[in-house]
Protein chains: 2
Amino acid sequence: MTAPATTTDDSRRISVRYRIRPTAGPLDAATVDAFAQALALEQSVEVPHAAVRDPWVAENIVGRVEAVVPAADGSFEVTLRLAVATTGFDVAQTINMLFGNASLHPGVTLVDADIPPGLVARFPRPRFGIAGLRERTGARGRALTCAALKPQGLAPDALADIFRTFAEAGIDVVKDDHGLADQAYAPFAERVRACRRVAETVRRATGRAPLYAPSLVGGPRTLATHARIARDEGCEMVLIAPALVGMPVFAELVETLGVPVLAHPAYAGAARVETPFLLGSLFRLLGADATIYPNHGGRFALPPATCAAIAAAARAPRDDVPPILPVPAGGLTVERVPELLDFYGDDVMLLIGGSLLAAADPAARTREFVRRVHAGAAT
Amino acid sequence: MTAPATTTDDSRRISVRYRIRPTAGPLDAATVDAFAQALALEQSVEVPHAAVRDPWVAENIVGRVEAVVPAADGSFEVTLRLAVATTGFDVAQTINMLFGNASLHPGVTLVDADIPPGLVARFPRPRFGIAGLRERTGARGRALTCAALKPQGLAPDALADIFRTFAEAGIDVVKDDHGLADQAYAPFAERVRACRRVAETVRRATGRAPLYAPSLVGGPRTLATHARIARDEGCEMVLIAPALVGMPVFAELVETLGVPVLAHPAYAGAARVETPFLLGSLFRLLGADATIYPNHGGRFALPPATCAAIAAAARAPRDDVPPILPVPAGGLTVERVPELLDFYGDDVMLLIGGSLLAAADPAARTREFVRRVHAGAAT
């Protein structure tokens, strides 16, 4: 085993952890050591050692193996130290260096990366975070509530009716279903206008209305057009799936939006990257203010420990990056609210989607959701 | 098991195949049937059936299970039929509908999708393809050769020297290492200018020079800037990793480039999408003219059958999409050229990277690479 190295160039190297799983028979330590050395080349110079003829490149650019540690389940954890200089201080290139070619090895998972402050400072990072979302929703001393406009296929007026149900019940954030894009049956501009009109009507009647987060999906041109429409219509938040539109696009877009960003995990599970790092740490660095993920015990199979780790990555105190709201979702029900508040505490936004709309009386069900969250974990 | 359905609305539905693998104990048919129904909801309306109150939505938008077929290895293949209307005829939204939330299920892989012509027509598709690349390189009746500028860390002049070695040996396409971005030690503009200058010098001396494909990596702003520099410097090709920059960005970008595009698989292996569909069919639909993938027997572990399937997906005759060049790579050596030509035939571009540069005499090694490819499979 390679012993953990003690190095002093922390600001010039990224510490990256990978999990190496056996794909054809058990792994032995010597094989993994050799593989770790190959991975250090793959994720830096991408040539055999013999082709690195320049001593400056060998010293400053070639990746290094910091540690190889066996796990109880037969896998190994490999830590590499990759040169910050290779990232060119660019988001896309950083992801390339962390997992570009390594992703092509079926047995390799990206676990996490310790990115030095000088590189973190070049990422967008959240502009609002938990504090900004509490300020904008007025939700203090309790968890936040979120509901989703769906099913897709409905016309703008029908979606706006659902918005009204959620708004009148006192939901904090209403987001589009991530499947709502710019389809013929509910064009983006018409849908956003219809929902925002309802929001303002409810605000005049009751003094408050949910933040509305329409879903931005498409190539850069469409994203820019839809972001402008959302701004012109007064939307106070947007929903974007970073893995779907491309993480570098997401990072560039959030800096122009001026409103909090709710990250959706669509296509992100497609990545063989550990979800706490991807949906928690990385989406946070890229500028998400809240991050949706499939909760344990719902339609998806994330274990409770993984959900806790995603929430921890989203909320961990850091001097240089504000904490963001974890948003567990994916088949949650109103009955589970106390258990979820007990599990996550108050700095969370609970997202209940389909089960509100499937109820015999969606309005009553939504009011009950809001009541339980406002009452807190103790009830 | 659900019997294969006979439907007549082929132009209005996408047929999508998923593989469902057991993640916790063996799968039985009833469980998979129920899961397939849930997946059809997940990838369309994302609500329980009870929440679909609109008959038009139930008929035209809700996904349908077409077939559930058990495989010998204990997995199941599920075919869904998803409504074309839900894609809004947008690349990002199409990927969202194919694998947005489904990607969050650890046991689910996207195998492929049969996209109807009306939607294919809205994808960029290759503008050059195999025919265009043969025309631009002058390579006829034989396979093409490709080599890579590396290792990163070298200055522009040193990279240009390597370019000269490849150019004088008669390589058809020289691409940047995908790790070359816009780093301090080799800024994009300087590197491109230095290599293009060498290309023109060699062209004047010998009558021919390789196409040079610099690597474009970054957010949309950086991509646009670098594409402009590449065009201004006279680059006849570019290298882009669609999964890294974001597939919707790639699709939008290729339409503006005016030169053939070589797709790189960086970060694409991160997706739990079958490589023949992702690197072959989908990158082709998105506008790649040639697609790099890790070949069998090299540094990566793709089996020969998968490599053959990628090549088949890249080259399969289609009325509406030109064939593109498969580009096997990833640790190939000159010795393997006859075997590779035998395996792939002539419509292929062989990419040898590090092993040319690690040789005692890289120039001689590169000439031998070119000689063997020009000689063909029989020698």
Side-chain angles (χ1 to χ4, degrees), chain A residues 23 45-48 50-52 54 56-57 60-61 85-86 88 90-93 95-96 99-101 103-106 150-154 177-179 181-185 217-222 244-246 248-249 251-252 265-273 294 300-301 354 357-358, chain B residues 23 45-48 50-52 54 56-57 60-61 85-86 88 90-93 95-96 99-101 103-106 150-154 177-179 181-185 217-222 244-246 248-249 251-252 265-273 294 300-301 354 357-358:
Chain A
T23 52
V45 288
E46 209 193 328
V47 287
V52 181
D54 183 309
W56 186 86
V57 173
N60 294 286
I61 300 299
T86 64
D90 176 86
V91 165
Q93 177 62 7
I95 297 167
N96 196 13
F99 206 50
N101 271 10
S103 79
L104 301 169
H105 288 289
K150 46 170 103 174
Q152 68 162 309
L154 296 182
D177 180 20
H178 82 287
D182 193 23
Q183 293 101 339
Y185 42 75
V217 58
R221 275 198 302 268
T222 300
L244 186 64
V245 301
V249 186
E252 196 173 292
Y267 201 70
R272 225 175 35 246
V273 183
F300 301 89
L357 298 171
Chain B
T23 53
V45 286
E46 211 194 324
V47 288
V52 182
D54 183 311
W56 186 86
V57 174
N60 294 288
I61 300 300
T86 64
D90 177 85
V91 166
Q93 176 63 7
I95 296 167
N96 196 13
F99 206 48
N101 271 10
S103 79
L104 301 169
H105 288 289
K150 46 170 101 174
Q152 68 162 310
L154 296 182
D177 180 22
H178 82 287
D182 193 22
Q183 294 101 339
Y185 42 77
V217 58
R221 274 197 304 267
T222 300
L244 186 64
V245 301
V249 186
E252 196 173 293
Y267 201 69
R272 224 173 38 242
V273 183
F300 301 89
L357 298 171

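Throughout, a chain's letter reflects where its sequence line sits, starting with A, and its residues are numbered from 1.
- Of the listed residues B:Thr86, B:Thr222, B:Val47, B:Asp182, the one with more heavy-atom pairs under 4.5 angstrom with chain A than any other is B:Thr86.
- Rounded to the nearest 0.5 Å, atoms NE2 (A:His178) and CD (B:Gln93) are 7.5 Å apart.
- Heavy-atom pairs under 4.5 Å with chain A were tallied for B:Asn101, B:Ile61, B:Asp177, B:Ile95; the largest tally goes to B:Asn101.
- In terms of modelled atom types and a separation under 3.5 Å, the side chain of B:Glu46 and the main chain of A:Lys150 share no donor-acceptor contact.
- Of the two parts of B:Val249, the backbone and the side chain both hold a non-hydrogen atom closer than 4.5 Å to a non-hydrogen atom of chain A.
- For A:Pro220, the parts sitting under 4.5 Å from any heavy atom of chain B are the backbone and the side chain alike.
- When all heavy atoms are compared, the tightest approach of A:Gly153 to A:Tyr185 is N-CE1, 3.3 Å.
- Of all the listed residues (B:Val91, B:Val245, B:Asn60), the one sharing the greatest number of non-hydrogen pairs under 4.5 Å with chain A is B:Val245.
- With chain B as partner, the option from A:Gly88, A:Pro151, A:Pro106 having the largest number of non-hydrogen pairs under 4.5 angstrom is A:Pro151.
- When B:Pro48, B:Ala51, B:Gly246 are compared by the number of non-hydrogen pairs under 4.5 Å with chain A, B:Ala51 comes out ahead.
- By the side-chain hydrogen bond (donor to acceptor under 3.5 Å, both in side chains) test, A:Asp54 is found to be paired with no residue, residues two or more places apart in sequence or in another chain being considered.
- For the set A:Gly179, A:Ala50, A:Ala181, A:Pro248, the count of heavy-atom pairs under 4.5 angstrom toward chain B peaks at A:Pro248.
- Within the 4.5 angstrom heavy-atom criterion, atoms from both the backbone and the side chain of B:Val45 approach chain A.
- Of the atoms belonging to B:Ala251, not a single heavy atom falls under 4.5 Å from chain A.
- Taking chain A as the reference chain and counting heavy-atom pairs below 4.5 Å, the highest number among B:Val217, B:Val52, B:Asn96, B:Thr23 is found for B:Asn96.
- Only the side chain of A:Asp90 comes within less than 4.5 Å of a heavy atom of chain B; its backbone N, CA, C and O stay farther away.
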